[in-house]
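Single-structure report; data block below.
Every chain is numbered from 1 and lettered A, B, ... according to where its sequence line falls, protein lines coming before strand lines. Since the structure is predicted, the reported quantities are computational estimates derived from the model, not experimental observations.
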Amino acid sequence: MSAGVSVVGSGHLEELDDRSPVGVSKTLTLAKALNLGLHDAMTHDPKVVVMGEDVGTLGGVFRITDGLLTDFGADRVIDTPLAEAGIVGTAVGLAMRGYRPVVEIQFDGFVYPAYDQIVCQVAKMRYRSQGRTPMPMVIRIPYGGGIGAVEHHSESPEAQFAHTPGLKVVTCSDPADGYWMVRQAIECDDPVVFLEPKRQYHSGKAEVALDAAPGPLFASRVVRPVDGAVTATVLAYGPTVRTALRAAEAASAEGHQLEVIDLRTLSPLDLEPVYASVRRSGRAIVVHEAHVNLGIGAEVAARTTEECFYSLEAPVLRVGGFDTPYPASRMEEAFLPDLDRVLDAVDRSLAF
Amino acid sequence: MSAGVSVVGSGHLEELDDRSPVGVSKTLTLAKALNLGLHDAMTHDPKVVVMGEDVGTLGGVFRITDGLLTDFGADRVIDTPLAEAGIVGTAVGLAMRGYRPVVEIQFDGFVYPAYDQIVCQVAKMRYRSQGRTPMPMVIRIPYGGGIGAVEHHSESPEAQFAHTPGLKVVTCSDPADGYWMVRQAIECDDPVVFLEPKRQYHSGKAEVALDAAPGPLFASRVVRPVDGAVTATVLAYGPTVRTALRAAEAASAEGHQLEVIDLRTLSPLDLEPVYASVRRSGRAIVVHEAHVNLGIGAEVAARTTEECFYSLEAPVLRVGGFDTPYPASRMEEAFLPDLDRVLDAVDRSLAF
Amino acid sequence: MVTIHPERHPEHHRQDTAPPAEGHADGGPDMVQLLTPDGERRHHPLYDADFSAEQVRALYRDMALTRRLDVEATALQRHGELGLWAQLLGQEAAQIGAAHALRPQDFVFPTYREHAVAWVRGVDPLQILSLWRGVDHGGWDPHEHNFGQYTVVIGAQTLHAVGYAMGAQCDGVVGTGDADVDTAVVAHFGDGASSQGDVSEAFVFAASYNAPVVFFCQNNQWAISEPVIRQTRVPLYQRAAGFGFPGVRVDGNDVLATYAVTQRALQAAREGQGPFLIEAYTYRMGAHTTTDDPTRYRSSAEVEHWRARDPLARVETYLRRTVGADQRFFDDVAAEADELGHELREGCKAMPDPDPLRIFDHVYAEPPAELVAQRDAFADYHASFEDA
Amino acid sequence: MVTIHPERHPEHHRQDTAPPAEGHADGGPDMVQLLTPDGERRHHPLYDADFSAEQVRALYRDMALTRRLDVEATALQRHGELGLWAQLLGQEAAQIGAAHALRPQDFVFPTYREHAVAWVRGVDPLQILSLWRGVDHGGWDPHEHNFGQYTVVIGAQTLHAVGYAMGAQCDGVVGTGDADVDTAVVAHFGDGASSQGDVSEAFVFAASYNAPVVFFCQNNQWAISEPVIRQTRVPLYQRAAGFGFPGVRVDGNDVLATYAVTQRALQAAREGQGPFLIEAYTYRMGAHTTTDDPTRYRSSAEVEHWRARDPLARVETYLRRTVGADQRFFDDVAAEADELGHELREGCKAMPDPDPLRIFDHVYAEPPAELVAQRDAFADYHASFEDA
Ligand SMILES: Cc1ncc(C[n+]2csc(CCOP(=O)(O)OP(=O)(O)O)c2C)c(N)n1
Ligand SMILES: Cc1ncc(C[n+]2csc(CCOP(=O)(O)OP(=O)(O)O)c2C)c(N)n1
Ligand SMILES: [Mg+2]
Ligand SMILES: [Mg+2]
């Protein structure tokens, strides 16, 4: 009896049969883009269900699931009891029955009660069953700081998931990626931890082309290419992409040309574009909000050094959250990497 | 009312008032050394309590708590219900009441239900309370593979804990360290995740000097120093120290001199001895059973490259478990780093 | 599958065995009530107490003052002085009754909403505001007041409470018969929290070790936007029996009843009779927090229904009609509240921003060299801006 | 604090409200039993069934064969052919009764000990042995047999069961009235597992969505070395009521009773009546696993007590005395068991070691380039040894 596990989705969004007509685009905030992405994914595939705390009537505390209950009903937009292990654990069962659950964790700091289900069940079910039990699931987590919140509402848990084989981990940094990456993540037959930079949900609109995905999901992207000589390569993702771009603008005024790469996918990492850039620049700086110690920057540094050993003029430097718990919000500005700390790292790199 | 939080222990084991007379030593397996360490810690400090699944009557599935129930009674050796969050969460409360709980997690793969309590409560309680609520707790975890076990019994979760500020993470690799490190961890006023290489519990005896600790807890140690020219520095910890030492012996036969360092403390890392060695050798190889991706090796590589940039003749290379879930046991030999894979890495390093 | 919920599809609901669906507005016949919404005194065979006039006035006073605290904090948030505030409006009776039943040696493990309990424990309200302002994670000393840190991760503190209670047992301060020694612990949590695995595990551990802990669940009918029926279809107090200890539902808007029930449960725990679950049936009159908009998910009719059950109004009526309290008493309380409001406004606005270097404090008892170096580097870096 | 356990200090135990302490050897008066240890048929007002002679013989046969499977596997472990084995000895009635009550469309979520359920679901026992041999994590196709992977992390599968049941609701295969369509789910777990947060959360979710799931708890009195009294001081089946659904204790050594109770619970679930908890009161006659030494923590008197309640013996008596089964039937079963034993021994020893490159299979549907590179590098490296 295999009906229960037939899974929908080829992973190739170009083939979506409900794609909008060519040329159609909308101007959206990240929040609205994600909301539309979920909406379109649910329209496209009746097996997609959304579940989590307050995702129904309220539309989520960030309103990312706003309107979905009205459009798709309580069978597919499921307000759950307040228990994260329960949410992810029942999503595992739904996936086994052929559904594609999209789970919302309300805030980064509340994913840990579900950690066991994520790392021991979601991540390993396919492996354990020799491929017989796929686990197509998206775990959406609003993450990162800078919103003036109380404890546990500003964390960056990506490294822990990226360290876990069987999971894929991605993060978006603008509305277009928000729309397309969430759709692609839902199409993906592997479980995807989908990190949303909550600080940017409502912080500005951008045009989102709805007729075709801008590129594959598991790929990094040069978001500020530099023609000619590159002073340094700056790697960022999620909330720090904007910081890196601002730093690049500021550096440019001082005659330094920073090439900025949005990593987008944290597991797997897509470092070929990084290597290409570093081979030109000889210097790399990784910027993330997560703690520096064993953050994504550590892996990027280790691999980049291995691949570009003879090109590097300086060690790969890391700018990140300090190795302390996330502080009370009136100190968070100092905790979070900002333009100045990125430029400071550029200076330090140049000093080698 | 602060009686509840007065904590015993200065962190300086040299001052222990019950230390054995100078010159006393015993020949012990790692399992017995840990058992004696727990016993002596409980004798020394009445606030030390041991808790976990099967730690009482059975003495633990690995017998590390054997005899403690008889010697110290059911108030201090607590068989708990089968619930890891419950174990660690109640240990938090016991610590708040002035106890020093030593928690046993039965196997590495079963720590995840307690993950939330560990990373959000144990790690953050002192910070949250501005130092008013210390969290002296030891979380003992038998870890690592090579014992022919079923799923979840062979994992290496150290990187996830080391990434978490507020925790300290250490691991022992021989009986003397087993005895002293567990005693020092119990004395420590910070929470310590204490990783025990289960494969080595019963795999040989060694002399344990009981009159004085061989050195501080949070320090790495050169376990195979090389006089004169060093071919490469090999960094290992826990179960891979033995592998590294064997590789060094084999390499020596081929004329390569490998200096081996047992990291011992994974958070904080103590890398000064590593830098000193790498400045001489120009090459470093980190060996652990955990997945390479975002394993401890990533952090060691990133920092070592930063500190020894101009000394390195090759990038820091990593030998570890593959980026797959831990496989079924008849494949684990291939999964685990062994002598040959270490030597292969030395060759690759020399090829740079 | 949500459509198959018993409430909506009663034919799918096992008729012979299932208890009545949850969510009715009046707490049902099992609910202990000593003071009706009209301010009339009722008596209960098991859970009752004699209240002196002074005691009732003290309860009223604390309810009125903590309501003011709540109103002021809400206003301070609106004025940008606080980042966020979790309102207690409507839950004053549950919290004040529970808190008055404590002895000094008892220890309380709060959620993030127990401002009135904190008040009774002697915590300076400014030390609560500092948390919501973002200055720190709570300014009080838990051990000075025997009142723990606020816990944001839902349910986590219930396990801490059980562990602390196990420690008290070990210390021999349970069941000695000495009223100044015998100790109990209160674990606060909400209706939503009842679903968390941690809370059930706390029940398991408490029963297994017969720990002196009173689980105090404020069922305020909502977990953000989710009604309690999403969490349970039977009254929450019934959860306890299946774990092997007693539970009772009390009118959480009736300060006499919450006091009486908590007092009895604490006393039993102190005597060594083990855990107890109290479900205080109440209502969150305000928003979940100041960022929440409850009109998105609940009707004004529901709010009106509960407004008629205001926990303060009934005590005022009872005081005026039966116990004896003149206008001057109420005027004094109002004046005291005004003064408190003034102090809070001034105190809050005067709170300095923390030195950013405090980020590095108290991570460890013995901070590693690496972290000290990180701090020093940041200090230098920071100073380079101040110099500039 | 352990010393204040109610069993040892009855004076600390709340006398008026607390139910009897757990751990008595005979399941108590609430336990459903249809066949006594002496092989006598009893009847029960609610949970009963008519059994044909053929049916009883089939139940016996499966119990006998799975006992043999267990004995053979234990021996294979002793001979080094398996790395480990979790014995089911003594729990045959609980498992066979529960499994016989299933319809093909039902789905089962096992722990690591449900070998007899797997057997009834048609799983090739060699595909179970391959797990314990270390060849794979379980060789069967969960969707071919509607029998999930073994789950080692205690309790995790109970949530999967609830989610799967929610999915069945969504699919409209609950409460249609069509016996070939209506679907229920069984979640197996142990007495120790009942303490895990996941299991309580599974109860919460199952009740909240009225999911068609039968929680089947084999209370075999022990969680490795810990007696069930460490997990609960009231009978486990009572846990359900506080979550809003029914529970019952059945004699887990009585295959007729476990069948009848499970059959009824499954039928109710398929009809849309929601979740049900069955506590099968049984005993783990063997060690926890082959590495365990139960003499360290339990008395031989206790084991003897339970040996007198052997689940097979009573069916044999009942078959011989009442139902009608001649010696030839028993001889045939014994012969079949011998043949099974032979097949298992040969099959197990013949299992080839997996190719180490299989380490890299099935991590992802679409393996990332990095992992493919890791695999390729390992393949080259590995080949370099083969060449050498
Ligand atoms: C583990 C966890 N998940 C989610 C949240 C987000 N959250 C904060 S309060 C809340 C609702 C809590 O409801 P309840 O327990 O009834 O308490 P109340 O707020 O009504 O006092 C939620 C979901 C959290 N703080 N912790
Ligand atoms: C989360 C977790 N913690 C600990 C273990 C180790 N362990 C394996 S079986 C077991 C006892 C289980 O007891 P019970 O649930 O009664 O099932 P039984 O073995 O008796 O069938 C334990 C503690 C585990 N597998 N998973
Ligand atoms: Mg609530
Ligand atoms: Mg058991």
message = To the closest 0.5 Å, what do you measure between CD1 (A/Ile296) and CG (B/Leu294)?
response = 5.0 Å
Greatest number of heavy atom pairs closer than 4.5 Å to chain A - which of B/Ala85, B/Ala162, B/Ala314, B/Ala114 = B/Ala314
key: Engaged part of A/Pro327 at the chain B interface, taking heavy atoms whose separation is under 4.5 Å   = both
Under 3.5 Å, which donor-acceptor pairs link chain A to chain B? Give each pair on its own line with the distance.
residue	atom	partner	partner atom	Å
A/Tyr115	OH	B/Gln160	OE1	2.4
A/Lys124	NZ	B/Glu155	OE2	2.5
A/Arg128	NE	B/Glu151	OE1	2.8
A/Arg128	NE	B/Glu151	OE2	3.0
A/Arg128	NH2	B/Glu151	OE2	3.1
A/Arg128	NH2	B/His152	NE2	3.3
A/Glu151	OE1	B/Arg128	NE	2.8
A/Glu151	OE2	B/Arg128	NE	3.0
A/Glu151	OE2	B/Arg128	NH2	3.1
A/His152	NE2	B/Arg128	NH2	3.3
A/Glu155	OE2	B/Lys124	NZ	2.6
A/Gln160	OE1	B/Tyr115	OH	2.4
A/Ala162	O	B/Asn293	ND2	3.0
A/His163	ND1	B/Asn293	O	2.6
A/His163	ND1	B/Leu294	O	3.4
A/Asn293	O	B/His163	ND1	2.6
A/Asn293	OD1	B/Arg303	NH2	3.1
A/Asn293	ND2	B/Ala162	O	3.0
A/Leu294	N	B/Glu299	OE1	2.6
A/Leu294	O	B/His163	ND1	3.4
A/Glu299	OE1	B/Leu294	N	2.7
A/Glu299	OE1	B/Arg318	NH1	2.8
A/Glu299	OE2	B/Arg318	NH1	3.3
A/Glu299	OE2	B/Arg318	NH2	3.0
A/Arg303	NH2	B/Asn293	OD1	3.1
A/Arg318	NH1	B/Glu299	OE1	2.8
A/Arg318	NH1	B/Glu299	OE2	3.4
A/Arg318	NH2	B/Glu299	OE2	3.0

task = Specify the closest pair of heavy atoms between A/Ala301 and B/Ala302, including all atoms of both residues, with the distance to one decimal.
result = CB-CB, 3.9 Å
ask   = About how many Å separate CG of A/Leu312 and CG of B/Leu312, when rounded to the nearest 0.5 Å?
value = 11.0 Å
ask   = Does any heavy atom of chain B fall under 4.5 Å from the side chain of A/Ala298, the backbone, both, or neither of them?
value = both
ask   = Pick from A/Gly109, A/Gly166, A/Ala123, A/Gly295: which one has the most heavy-atom pairs with chain B under 4.5 Å?
value = A/Gly295
remark   = Looking only at heavy atoms, the pair that brings A/Pro325 and B/Pro165 closest together is N-CB, 3.7 Å
ask   = Given that the side chain runs from C-beta out, which part of A/Ile118 has a heavy atom under 4.5 Å from chain B: side chain, backbone, both or neither?
value = neither
